[in-house]
Chemist: 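Would you mind keeping the following structure in view while I ask a few things?
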Amino acid sequence: MIEFVWLIPLFPLLGVIIIGCLGARFPKRLIGLVGTLTAAGSLALSCRVFVDVLHMLPHERFVEVVLWEWLPAGTTRVDVGFLVDPLCLVMLLLVCGVSFCVHIYSMGYTATGFRRYILCLNLFVFFMLLLISSNSFLFMLVGWQGTSLCASLLSAFWYRQQAAVTASRKAFVFDRIGDYSILLGILLIAAHFGSLDFRDVLPLAAEKLPAHGLAAVLISLLLMVGALVRSSQLPFSLWLPDAIQGPMPGHALIHAATLGASGIYVLARCSTLFGLAPLSLWAIAAIGAGTAFYGAAVSLTQFDIRRIFAYATVSQLGYMVLACGSGAYAAGIFHLIAHAVFQTIVFLACGSIIYSLDGETDLRNMGGLWRRLPWTYRMFWIGTLSLSGIVPFAGFFSRDAVLWAAFQKHPVLWIAGVITVFVTTFYAFRALFVIFHGRNRPNDHADSPMIEPPAAVIALVVLAVTSLVGGVIGLPEGLGASNWLERFLMPVFQSQASAAPAALPGPEVNLVAASHAGGAGGSSSAGLLHGILTGISLMISLLSLGISYFFYRVDPLAPVEIAALFGRVYRTLYHAWYLAELSDSMVVQPLVKVSGWLWRTVEMRLNIVLFRLGGVLIACSRFFERIQTGLAQHYALLILAGIVLVLAYYFLS
Amino acid sequence: MMVPASHYLLVSAVLFTVGIVGAILRRDALTAIMCVSVLLNALTLTFVTIARELASLDGQVIGLFLIAVITATMVTGLAIIISAVKEDGADKPERSIRRER
């Protein structure tokens, strides 16, 4: 069935066409059903392809399915084709699975604009599936742009609200920055490799680009910037927190599970290219660690639950970026999967809360909801536990893999990661305790209907179970288990890495290789170290849980006192480290000033010159237009004169 | 005695010139159309003359067509002029086309 892999993106596209062309008269149930069926179709086919690939030998798991030739250009060509390899499969299963759950959830909440919402969702899934299964950089770019478009469409879903429109525009503009960057990188790749196919570029990277050379550094930096903008890392992280303005399940699919994931996917896919420029890897790791801490710290102070978890997403994406920068791409993908699952739970639960409270999003107006939204409460617990990385949830194992990789890259990165763990658990449980427990904050939602549609609950439960047992796919080898995910993905990164130069600075390759060179038997000291580090991070997480409990259940006035005590710090965190103001003063205002200066000096002068030129032309035409008198007889005279001239010429020559 | 063809052609040329000059220089729409009719008739005369010279009937057939065409043209033109002149000058007497400029 592998040759039918192109059907996987086609199903959501069919959904778009059906719902778009015929769906104006469908009842809402039917629209939701069509959307869910297409998602189910994609998921079923992905599973089937996955099973088929499992039957193949590991080194054979690279199947290219080409549909047709898209851009023939001399000796190079770009095809519409799909590359089925372990990385692609893992992402396909993830995206299709989350999409399926979100569609089921959406069936429980149909409101106005439902058709438009399902259209956006399906279109987004289509482009995302194109992105992850494409076989060339250019084709991936199609999905890249399309996902950006759909994300902006969904942000501005309630387009009558100015905040939503502004945020959507901002997200779109930021993504253009990333687009230009990645486009330049792709052009450089085309220049150096003569081809844009993944199979032509990635395995041969080391042969065609000198290691540590300028080309490698440029390409990797450009690709990195593109990926970082998409994953909302510093300093490009302004767009994500504001962008959560649309329907929450849409944002669950887009921002929790897939949009940031596309940046990570690019990092993972181009691992060979990054391997040739260790400078870029260090930059990636540092930015990842920094952003993880940044996002967590800001999330601590926010009151809008959407922004809390938006910054949480930024922070967790930072972890994934950190893993990729440390060379452990499998860990990054593992955390991506775990994050997608638990963050989707959280976002969907927030959606239920917001809907039940008639649009209320402010923490300070919520409280005591655990009795009224019991299932949401339970699932929110699971999501939060996974987000905080408590055993045995998937979040624990994935984050542990990330931290282990970070430690091997440089202990400071690990320290940053662990501090972030503390903050993460704290803000996650802050949200849980404040939303669901505590006295009823003064609100007028006492008589809002508290509905938990069965569809929503089912979706949440499915995701929660996945989060609970999903850790098993990535149990670390250092602790004696066999890391299935890493071994499954290894052909992708190894065939891409086998051509990488052997002399990589830093210990990252050696320890990683050592810890699965012997499995349980080898490097027991590495295993012990790993175990100790894991234990430390777990204990810090539990400690943070306890402190959060104290702050928000036992002594609700404590956080207020602390905030007053550290006023300056609190305000900085609340305003997101003044990143928006910083960007404004460093980028926007200078641009505005330069534009104004150019307008006054250059453009105005140019305008005057052009006007003068126009005036000359007008004067000429004023002179010549007098021949058009409007009188038919004058025209007849002119025709006569013309005929006479022609005849004269004819007879005289 | 046969009148030489050149005489006919000369008459025809004179009539054509008169017609052209009149159509262009006349300020009156009615007489301008009458001049157009004159020049079209000159055309008919030319065709018939040449037909007799070449001893073929083609020119005479064309002559018959031309007469039909001239008639239709005149009828249409006169109808337009009459309908234009009917209400002419009712609201703006100074812009009436009946006055010589």
Side-chain angles (χ1 to χ4, degrees), chain A residues 17 20-22 24-25 156 159-160 162 165 169 595-596 598-653, chain B residues 5-6 9-10 12-47 49-50 66 69-70 72-85 88-89 92 94-101:
Chain A
I17 295 175
C21 299
L22 307 172
R25 267 171 273 192
Y159 51 84
R160 297 224 163 84
Q162 186 57 39
V165 170
R169 225 173 17 217
S595 305
L598 277 176
W599 163 255
R600 278 188 305 275
T601 53
V602 177
E603 193 162 340
M604 292 294 274
R605 301 241 167 91
L606 216 58
N607 279 348
I608 293 175
V609 168
L610 289 173
F611 281 139
R612 296 252 170 85
L613 194 64
V616 167
L617 287 172
I618 290 177
C620 283
S621 68
R622 288 262 178 278
F623 175 73
F624 284 110
E625 75 186 8
R626 294 191 292 187
I627 210 176
Q628 291 182 330
T629 57
L631 289 176
Q633 290 165 321
H634 290 181
Y635 297 160
L637 181 59
L638 286 174
I639 293 175
L640 182 64
I643 295 177
V644 165
L645 280 174
V646 168
L647 285 177
Y649 177 76
Y650 177 62
F651 280 120
L652 292 180
S653 68
Chain B
S6 53
L9 286 178
L10 189 61
S12 166
V14 168
L15 278 178
F16 189 81
T17 317
V18 166
I20 288 261
V21 167
I24 289 180
L25 292 183
R26 274 302 188 174
R27 291 180 188 175
D28 200 3
L30 191 60
T31 54
I33 284 211
M34 283 164 28
C35 292
V36 168
S37 148
V38 164
L39 72 84
L40 284 174
N41 277 304
L43 217 60
T44 318
L45 184 58
T46 314
F47 270 112
T49 308
I50 302 294
L66 270 175
V69 166
I70 294 169
T73 311
M74 289 303 113
V75 165
T76 321
L78 282 175
I80 292 176
I81 291 195
I82 290 177
S83 70
V85 166
D88 178 56
K92 283 191 185 164
E94 65 274 9
R95 290 184 66 110
S96 151
I97 64 173
R98 276 180 294 186
R99 260 186 15 138
E100 296 279 293
R101 264 189 285 271

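Proteins get letters first, then strands, A, B, ... in listed order; numbering begins at 1 in each. Reckoned from all heavy atoms, side chains included, excluding hydrogens, waters and symmetry mates.
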Chemist: How about residues 633-640 of chain A versus chain B: which residues have heavy atoms under 4.5 Å apart?
Modeler: A:Gln633, A:Ala636, A:Leu637, A:Leu640
Chemist: Filter on salt bridge (charged side-chain N to carboxylate O under 4.0 Å, His left out), then keep only pairs touching residues 602-624 of chain A, sequence neighbours left out; what's left?
Modeler: A:Arg622-A:Glu625
Chemist: Counting neighbours of CD1 on A:Ile627 that are heavy atoms of other residues, nucleotides or ligands and sit closer than 6.0 Å, is the number greater than 12?
Modeler: no
Chemist: Can you list the residues that meet the side chain to side chain donor-acceptor pair (under 3.5 Å) rule with A:Gln628, with sequence neighbours excluded?
Modeler: none
Chemist: Check whether B:Ala32 gets within reach of chain A through its side chain, its backbone, both or neither, counting any heavy atom under 4.5 Å.
Modeler: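 The side chain, not the backbone.
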Chemist: With a 4.5 angstrom heavy-atom cut-off, could you sort out which part of B:Ile24 is near chain A: side chain, backbone, both or neither?
Modeler: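 Both backbone and side chain of B:Ile24 come within 4.5 Å of chain A.
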Chemist: For residues 33-41 of chain B, please give each side-chain donor-acceptor pair under 3.5 Å, one per line with the distance, not counting sequence neighbours.
Modeler:
from	atom 1	to	atom 2	distance (Å)
B:Asn41	ND2	B:Ser37	O	2.9

